[in-house]
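Proteins come first, then strands; the chains are lettered A, B, ... in the order of their sequence lines, and each starts at number 1.
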Amino acid sequence: RLKSTTHDEL
Amino acid sequence: MNIFRLLGDLSHLLAIIILLLKIWNSRSCAGISGRSQFLFAIVFTARYLDLFFTFISLYNTVMKIVFLATSYGTLYLMYIKFKATYDSNHDTFRIEFLILPAIALALLINEEFTVIEILWTFSIYLESVAILPQLFMVSKTGEAESITSHYLFALGSYRALYILNWIYRWFLTEKLNAIAIVAGIVQTILYCDFFYLYLTKVLKGKKLQLPA
């Protein structure tokens with residue numbers, strides 16, 4: 001769960 | 001999007017607006033670190049280049065544009081319009097000591113070795129320490145105007161709310177980004193000492209003055 005996210009936060 | 005994230009973003013926006021209004025209304029940027037503001041402009045620029053490549057939501061796009069515009073607006077007010085009031089003698093933190101390690105770390109610890117991802121990672125590392133010139137300036141002069149401390153408090157609240165947002169997302173079993181979390185926690189810790197002074201002094205109507 002702790003990787004490869006889209007950068008959806010500012 | 002959850003309530004903590006939204007409040008965090010609004011708190012971030014509030015901080016920027018407080019700063020702009022303070023400078024505009026007093027026609028002065030005394031006590032504000034131009035170096036921190038310059039670092040924030042670099043942070044937003046490096047991070048939001050994805051405006052050209054990815055679309056997440058209208059909210060996301062609008063906020064990015066607002067953060068970029070306001071950070072350059074602040075720089076304009078500080079370095080051009082009200083340059084005469086800029087307190088450069090007290091704004092002496094060597095920002096290359098922050099920028100160069102952030103570049104090195106972004107090249108070493110990242111999720112993907114691509115230009116856009118390394119710029120994003122660099123912006124996360126740099127943001128975590130970008131407030132240091134401002135905190136250094138406050139510690140050098142030993143005090144801050146109340147409005148400057150409100151600015152710092154809103155900025156610190158944004159970071160604290162982002163941590164609550166991650167905890168919330170963790171329990172929702174959403175994906176989380178380890179780099180953003182570690183850097184975000186470091187950034188929040190930097191505000192702790194300031195939070196203490198703010199809660200014990202500024203909110204009781206006293207000026208933020210550091211103990212001698």
Quiz item: What pairs meet the ring pair (Phe, Tyr, Trp, His ring centres under 6.0 Å) rule with one or both residues in residues 9-29 of chain B, with sequence neighbours excluded?
Solution: B:H12-B:F44, B:H12-B:F67, B:H12-B:Y158
Quiz item: Could you give the distance from CD (B:E117) to NE2 (A:H7), rounded to the nearest 0.5 Å?
Solution: 3.5 Å
Self-check item: ring-ring contact (aromatic ring centres under 6.0 Å, His included) against B:H150, all qualifying residues, sequence neighbours excluded
Solution: B:Y198
Quiz item: Considering all heavy atoms of both residues, which atom of B:D9 and which atom of A:L10 are nearest to each other, and what is their separation?
Solution: OD2-CD1, 3.3 Å
Quiz prompt | Shortest non-hydrogen contact from A:D8 toward B:N60 | solution = O-ND2, 3.0 Å
Quiz prompt | Interface moiety of B:F55 toward chain A, non-hydrogen atoms closer than 4.5 Å | solution = neither
Practice problem: Taking heavy atoms only and a threshold strictly under 4.5 Å, list by residue number the residues of residues 121-137 of chain B that touch chain A; give 'none' if the list is empty. | Solution: none
Quiz item: Cut-off 3.5 Å, side chains only: do A:E9 and B:N177 have a donor facing an acceptor?
Solution: no
Self-check item: Selection residues 51-68 of chain B - residue pairs positive for salt bridge (Lys or Arg N to Asp or Glu O under 4.0 Å), sequence neighbours left out
Solution: B:D50-B:K64
Quiz item: Are more than 12 heavy atoms from other residues, nucleotides or ligands located less than 6.0 Å from atom OH of B:Y168?
Solution: no
